[in-house]
There are 2 protein chains.
Amino acid sequence: MKSAVEPLKARRIYLLLRDRIVAGELPAGTRLPGEPALAAEHAVSRVTVRRALDLLEKEGLVQRKAGSGTFVHDTRAVRPIVADLSNVLSHLIDMGRSTDVKLLSFGYGVPSDQIAESLGLKPGERVQRSVRVRLIDGEPFSYLTTHVPEWIGLTYSEAELAAHPLLELIERSGVTTERATQAINATLAGPEAATALDLEIGSPLLTLTRIVYEPSGRGVEHLHALYRPDRYSFHMDLVRTGNDGERRWSPALGWPRGTDKTKAEKSKPDKNKLGEKPTRTARAIKQRS
Amino acid sequence: MKSAVEPLKARRIYLLLRDRIVAGELPAGTRLPGEPALAAEHAVSRVTVRRALDLLEKEGLVQRKAGSGTFVHDTRAVRPIVADLSNVLSHLIDMGRSTDVKLLSFGYGVPSDQIAESLGLKPGERVQRSVRVRLIDGEPFSYLTTHVPEWIGLTYSEAELAAHPLLELIERSGVTTERATQAINATLAGPEAATALDLEIGSPLLTLTRIVYEPSGRGVEHLHALYRPDRYSFHMDLVRTGNDGERRWSPALGWPRGTDKTKAEKSKPDKNKLGEKPTRTARAIKQRS
DNA sequence: CAAAGCTGTATTATCCATCATACAGGTTCC
DNA sequence: GGAACCTGTATGATGGATAATACAGCTTTG
């Protein structure tokens, strides 16, 4: 029974570096601190740093040059999806990228107290539970667990769920959806989600919990979504709305769509496109987050 | 050179269980599966499960009874803060909870390329960089790194920053803020953030990156915030706005405050409730999901 | 060219998280 | 009361991750 204990420190350093790279903090072409420097910074041996870099290299995020250093390599390989706060990513499909859905599980049963309460169900009332994974360009990026009251769930089949958005099916059943609440949070990947999302257990995930209500106030859908943060993030534009006395911000509804250049960026002002200077960033990486 | 390697599997199980507890999936009073069951479920030895439970117990999240089982204990100790999407948490302060700010670092220098670009700075232009930790009821919940163009930063002092909201200071300098973009994501805690937030390295964190612009389009503030997911989460209400053909949702601006009916009183039987010192702080807030 | 830095590679030793197993003692329930 | 759970506790063995160290070959720089 090999125990297959995974690395700890090495993996940690790998994740931290990876994070800074995909976040754009370390732009492509940047030279990382040397292995001895990283080792000192994280208080580990060079061997361990080496392992972390091995992972990054295997993933194509960095490129090592013997005698020279380790360089960030082609961040473009990782292009996160950007969704606005209402969680619409249709414009991404417009961009030529296709999303697929894989239905992992489908069935009926009595939900947990928490789900039952949030949907406003009576004790013992049954729900349909489904687990889906959404892929973009063949790569998984979200793990969706949905609970729907049984009387709604019975109006569509398993096959239909695999082919149509759930909300569409719910509305087709005659239910009107009018209001929803959602909360965004973060977690670690558990075994199932990690497998489905092609991640390692313990990776960070973005969480979205949404409950959709019909006008009467009954809950019609409980969605629990887990997103890979390197492939998905929420984005929103805000405008100042309060009177000058108070600082209040409201979401800009018709937000500009061109904002999908990947990476964090502004793209609002004309003067962006500052300089793609050939990253002459030789040694400056010392600065921290 | 003691290496002090931390647990891996044990910690993982601890985090997973902890997550389900604070998320309300395992309400207070629930009996956890037995140690042998958990061991089998996670494919580890009972010793390892034991370690995970030790951590939970030390944190006061579960209580063990020899011969009987392990029970979830007083989730109310963990009360997450809820912020709406414009990241205003003033209404929380109204409810009697106080936030404090600790200024960890303050200085001027040349920012990273990423920051410079997002603020629309010319190469070499300097910024003020500050790192703050925000506490609620004495407990840290957010780690804020802000970058402000030097010409704005010079209008206030280090002491003022520690005492006033940054945006207030920026506006006091004569700058008008009008637009902002923000992105929400997830990461793992690095060494500094972990220390500041009283977490272990590798814990999941909620991320908010916000850039505030003045009307001319210049960036005036770059905020990178890390939040403890167990103490903070984003919440928003959505209303259906599209015509019935399209499913489109928009944030409900004046969202009803009393809306959510707290789930703290979900626990069915109250076999638990061991009288310990009442945590002084009113526990009215609550509401998660 | 030579010094200084870097990555690549190897070896040895240590540590500790985990496993496997066994038994003691408490609780629950029939 | 006793079977069947449970938690508490102790044991030794093991293997993978990490540390410490040394040296090679390449690259950059002055």
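By convention in this document, chain letters (A, B, ...) are assigned in the order of the sequence lines, proteins followed by strands, and residues within each chain are numbered from 1.
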Can you tell me if [X] touches the phosphate of [N], counting only side-chain N or O atoms and a distance under 4.0 Å to OP1 or OP2?
X     : N      : answer
A:T70 : C:dC6  : no
B:R51 : C:dA17 : yes
B:R64 : D:dG8  : yes

**Q.** Residue list, salt bridge (charged side-chain N to carboxylate O under 4.0 Å, His left out) with A:E192, at least two apart or on another chain
**A.**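 With neighbours one apart ignored, the set is empty.
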Q. Partners of B:E41 by salt bridge (charged side-chain N to carboxylate O under 4.0 Å, His left out), sequence neighbours excluded?
A.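 Testing B:E41 for salt bridge (charged side-chain N to carboxylate O under 4.0 Å, His left out), a comparison that skips the adjacent residues, returns none.
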Restricting both atoms to N or O, compile the protein contacts to nucleotides 26-30 of chain C shorter than 3.5 Å, with distance only.
from: C:dG26; atom 1: N2; to: B:G67; atom 2: O; distance (Å): 2.9

Atom-to-atom span, [atom1] of [X] to [atom2] of [N] - whole angstrom:
X     : N      : atom1 : atom2 : result
A:R50 : C:dC6  : CZ    : C1'   : 10 Å
B:R31 : D:dC5  : CZ    : P     : 11 Å
B:E35 : C:dC19 : CD    : C1'   : 15 Å
A:E57 : C:dT9  : CD    : P     : 10 Å
A:L56 : C:dT7  : CG    : C1'   : 15 Å
B:L55 : C:dA17 : CG    : P     : 11 Å
A:L53 : D:dT18 : CG    : P     : 13 Å

Q) Are the aromatic ring centres of A:Y143 and A:Y227 under 6.0 angstrom apart? A)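 No.
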For [Y], does its backbone N or O pair with a side-chain atom of [X] as donor and acceptor, under 3.5 Å?
X      : Y      : value
B:T30  : B:P27  : yes
A:R231 : A:P140 : yes
B:E125 : B:K122 : yes
B:S118 : B:Q114 : yes
A:R228 : A:L197 : yes

Q: When you get a sec, tell me which of D:dT18, D:dC6, C:dT18 is the closest nucleotide to the side chain of A:K9?
A: D:dT18
Q.
Let me test you: for the helix from C:dC1-D:dG30 to C:dC30-D:dG1, what is the angle between the axes at its two ends (five pairs each), rounded to 10 degrees?
A. 40°
Q.
At a heavy-atom distance below 4.0 Å, what parts of residues 37-48 of chain B sit against DNA chain D?
A.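 Under 4.0 Å from DNA chain D: B:R46.
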(Q) What I want to check is whether the side chains of A:Y14 and A:R18 have a donor and an acceptor closer together than 3.5 Å. (A) yes
Q) Have B:Y108 and B:E150 got a donor and an acceptor in their side chains that come within less than 3.5 Å? A) no
Q: Please name all residues satisfying side chain to side chain contact (heavy atoms under 4.5 Å, CB included) with B:L15, sequence neighbours left out, ordered by chain then number.
A: A:L188, B:R11
